[in-house]
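One structure below.
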Amino acid sequence: MPVHVLNEAERCLGCKKPLCRLKGCPIATNIPEVISLFKQHRMMDAAEMLFENNPLSMICSLVCNHEEQCEGHCIRGKKGEPVHFSSIENYISDSCFERIDLSCAPPNGMKVGVIGAGPAGITIAIILARRGYKVTVFEGREKIGGILRYGIPEFRLPKSILDRYYRRMRDMGILFRPNFALGGSTSIQDLLDDGYKSVFVGTGAWKPRKLGVPGETFGHVFYAINYLNNPDVYELGDKVAIIGAGNAAMDVARTAIRHGSRDVTIYVRGDTVAASNHEFNYAKLDGVNFEYRKSIVRIVDEGAVFCDLVEDPETGKLVEDHSTDALVEADSVMISISQVPRSQLVNRDHDLHLNERGTLQTDGHGETTMEGVFASGDVVTGAKTVVAAVAVSKQIADNMDQYMQEKFGSKAEEDEE
């Protein structure tokens, strides 16, 4: 066992009012209790507790914004280094994953369809399968993971972890339909007609937002979400200009450097980046450059034209100063300003409605405007964090369970008999 993990566990104060859990963790992981079990050499009990609370605990231990969540609220961090729970959580989850008890309740005779095998879909599938539902996951790509596999670089999240999840889910009896995108020849209504008692939509947000500037269709312009899907098929050249300053932009920049680009610059509209300090610092460490108060004006064959953003003396807001327009030469221009859901499901199933943000409309229980069809994750909220998708999806799983039990429970039991 790595000494530093033991040392980190010993540093935990076991606070009676653990802010790491109460204020820091979006999914309310019982951090002090997990660490206590770990220190008592009851690692399997700690792993079971982690997984029961968060089926994606091993993944979240690697990709969560810990510095603003659990570790950012650690009392030790006020005068020094916080307890790095992410390291402890990862060690426990990684070491015990194949041994965690994932036994399922007896079959209840009800089928559930899960559309999309991203963070939300994986969470829903695991929870409902353990409650006795027959779950089939429909995934548009060849492997599970969604944004975890096709939007987060290998150096941040090894894809082998997702393969381990796939094997364990198959062992639980979960069925998979890979390379099967609903919204084309098959609709959600087709699933309901075939006897699925409820359907969950977790198709994520894969449609990149456009900048809306001239030249966005040029051949040297790319979108971050597409690039991260498979960086090996892109030839970005030596000099790359990246528009956007979130975590995805940091991933793109660091990936481009690892693929041979020598001069990678992120252009930031304000004075600070939107990415976490952790990802920002690693980007700087890898050699990414940053230019602040810059706004893109148009894209040209030689690169892109930027202008400075200056403070309006009357409002104090940043406004474009076009007297500063200047060409920045670049072999590639990368756009990384978030994503929204695609619309093929809505186009096929007209009972599904979008809200004013362009995401699926749901009520307070996660049910869409189509009866029996629920949704959560990025397809509802737009691009958010993995742990946020898990936290909401846990509640949606409860709501789906309640819906099916109330509407079909007794009949399903009779059919099963």
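Residue numbers run from 1 in the order of the sequence given.
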Look at [X] together with [Y] and state whether they make a salt bridge at an N to O cut-off of under 4.0 Å.
X    : Y    : answer
R293 : D308 : no
E33  : R21  : no
E291 : R269 : no
K294 : E320 : no

I'd like to know whether F176 forms a ring-ring contact (aromatic ring centres under 6.0 Å, His included) with Y166, so could you lay out the CA-CA distance, the side-chain angles of the two residues, the decisive distance to 0.1 Å, and finally the verdict. CA-CA 9 Å; F176 291 88; Y166 173 76; 4.9 Å; yes
Measure the [atom1]-[atom2] distance between [X] and [Y] for me, rounded to the nearest 0.5 Å.
X    : Y    : atom1 : atom2 : result
E89  : S57  : CD    : OG    : 5.5 Å
S185 : F180 : OG    : CZ    : 5.5 Å
Y150 : I147 : OH    : CD1   : 11.5 Å

Step through the shown structure and confirm whether more than 12 heavy atoms of other residues, nucleotides or ligands are within 6.0 Å of [atom1] on [X].
X    : atom1 : result
K39  : NZ    : yes
K143 : NZ    : no
R258 : CZ    : yes
Q40  : CD    : yes

Using 30° and 60° as the class boundaries, would you call the ring planes of F374 and Y403 parallel, tilted or perpendicular?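 Ring orientation of F374 relative to Y403: perpendicular.
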Pairing donors with acceptors under 3.5 angstrom, does anything connect the side chains of S393 and S376?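 Side-chain D/A pair, S393 to S376: present.
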Apply ring-ring contact (aromatic ring centres under 6.0 Å, His included) to the pair Y227 and Y234, showing each step before the final yes or no. CA-CA 7 Å; Y227 174 70; Y234 290 80; 5.2 Å; yes
I would like to know whether Y267 and Y292 meet ring-ring contact (aromatic ring centres under 6.0 Å, His included); could you show each step before the answer? CA-CA 6 Å; Y267 291 86; Y292 297 90; over 10 Å; no
